[in-house]
Amino acid sequence: QVQLVEPGGGLVQAGDSLRLSCAASGRTFRSYAMGWFRQAPGKEREFVSAISWSGGRTYYADSVKGRFTISRDNAENAVYLQMNSLKPEDTAVYYCAATSSNYGVAGLSGAGSYDYWGQGTQVTVSS
């Protein structure tokens, strides 16, 4: 069974940092572009960040630019989201996702572009 496991959630205070991890099992994701999405209660799932399969291109939603950094380690079959200067507005369930298709930034920002999804991890930022 192909799965993406996200062990990095937690509860933090505004201004703190947190790193989310997404580890793949069942197959290698070396040739997959990876993305992070989030969904707050009562809100639609929104794009956060994405990274190409080679790691050479990264993309960020305007709301997180300058604060979040996406990275990947293909040897570990994992993708990470370093979140700095967290705000209460960042509170959401965060999902990692993977796609084998070749998309540009427009495609990677859409949830429908992804083939596999993690189960989500709760990130709560208190004021």
Side-chain angles (χ1 to χ4, degrees):
Q1 181 70 31
V2 177
Q3 294 185 12
L4 299 173
V5 181
E6 308 173 36
L11 191 156
V12 298
Q13 293 184 327
D16 284 354
S17 297
L18 187 67
R19 189 176 82 152
L20 301 183
S21 299
C22 177
S25 63
R27 69 180 299 165
T28 179
F29 283 83
R30 291 176 298 174
S31 298
Y32 285 67
M34 305 291 294
W36 287 96
F37 290 76
R38 66 187 182 187
Q39 188 167 20
K43 303 293 185 180
E44 297 294 320
R45 187 170 299 188
E46 67 172 339
F47 169 74
V48 176
S49 185
I51 187 168
S52 63
W53 68 266
S54 67
R57 293 176 294 152
T58 58
Y59 309 100
Y60 298 93
D62 289 341
S63 59
V64 305
K65 284 182 179 178
R67 298 189 298 120
F68 291 10
T69 302
I70 190 171
S71 62
R72 69 187 300 160
D73 187 335
N74 287 340
E76 296 180 357
N77 208 22
V79 63
Y80 308 97
L81 185 68
Q82 177 66 47
M83 305 185 294
N84 298 327
S85 301
L86 283 163
K87 304 174 180 179
E89 306 93 272
D90 296 318
T91 296
V93 176
Y94 283 71
Y95 300 88
C96 67
T99 178
S100 61
S101 299
N102 184 23
Y103 293 110
V105 60
L108 291 176
S109 66
S113 299
Y114 294 84
D115 305 307
Y116 302 99
W117 290 86
Q119 294 300 306
T121 186
Q122 177 69 48
V123 173
T124 301
V125 184
S126 63
S127 60

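Nothing here was measured: the structure is a model prediction, and the numbers come from that model. Only heavy atoms go into these numbers, but all of them, side chains included; no hydrogens, no water, no symmetry mates. In this chain, residues are counted from 1 in sequence order.
Note that the CE atom of M34 and the OG1 atom of T99 stand 10.0 Å from one another [nearest 0.5 Å]. We find the CG-OG distance between N74 and S54 to be 8.5 Å, quoted to the nearest 0.5 Å. Atoms CD and SG, from E6 and C22 in turn, are 5.0 Å apart once rounded to the nearest 0.5 Å. A distance of 8.0 Å separates CD of Q82 from CG of L18, quoted to the nearest 0.5 Å. Distance CG/L4 to OG/S25: 7.5 Å, rounded to 0.5 Å. Taken to the nearest 0.5 Å, the OH atom of Y60 stands 4.5 Å off from the OG atom of S49.
Between the side chain of R57 and the backbone N or O of A50 there is no donor-acceptor pair closer than 3.5 Å. Put simply, the side chain of R67 gets close to the backbone of S63: a donor and an acceptor are under 3.5 Å apart. Side-chain atoms of D115 come within 3.5 Å of backbone atoms of S100 as a donor-acceptor pair (strictly under, hydrogens ignored). A donor-acceptor pair under 3.5 Å links the side-chain atoms of S113 to the main chain of G107, judged by distance alone.
At least one side-chain heavy atom of L81 sits less than 4.5 Å from a side-chain heavy atom of M83. A heavy-atom distance below 4.5 Å is found between the side chains of S21 and R19. At a threshold of 4.5 Å between non-hydrogen side-chain atoms, the residues T124 and V12 do not count as touching. The shortest side-chain heavy-atom distance between W36 and I70 falls under the 4.5 Å cut-off. Within the 4.5 Å cutoff, no side-chain heavy atoms of R72 are placed close to those of N77.
Environment of CD in Q119: sparse, with no more than 12 heavy atoms of neighbouring residues, nucleotides or ligands closer than 6.0 Å. The number of heavy-atom neighbours closer than 6.0 Å to CH2 of W117, taken from other residues, nucleotides and ligands shown, is above 12.
Sorted pairs that involve residues 88-110 and meet ring-ring contact (aromatic ring centres under 6.0 Å, His included), not counting sequence neighbours, are lacking altogether.
The nearest pair of heavy atoms linking S127 to A14 is CA-CB, 4.4 Å. The nearest pair of heavy atoms linking N84 to S17 is OD1-OG, 2.8 Å.
Note on ring orientation: taking the six-membered ring where Trp is involved, the planes of F47 and F37 are perpendicular (angle over 60°, cut-offs 30° and 60°).
Both V125 and F68 belong to a common hydrophobic cluster when Ile, Leu, Val, Met, Phe, Trp and Tyr are linked at side-chain heavy-atom distances under 4.5 angstrom. The same ILVMFWY cluster, assembled from side-chain heavy atoms under 4.5 Å apart, contains both L86 and L20. A continuous path of ILVMFWY side-chain contacts below 4.5 Å connects V79 to V123, so both sit in one hydrophobic cluster. No continuous path of hydrophobic side-chain contacts links L108 to V48 [ILVMFWY only; heavy atoms under 4.5 Å].
Checked against side chain to side chain donor-acceptor pair (under 3.5 Å), Y114 has no partners two or more places apart in sequence or in another chain.
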- Query: When you look at K87 and D90, which way does the salt bridge (charged side-chain N to carboxylate O under 4.0 Å, His left out) test go after all the steps?
  - Reply: CA-CA 5 Å; K87 304 174 180 179; D90 296 318; over 6 Å; no
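No side-chain donor-acceptor contact under 3.5 Å links E89 and T91.
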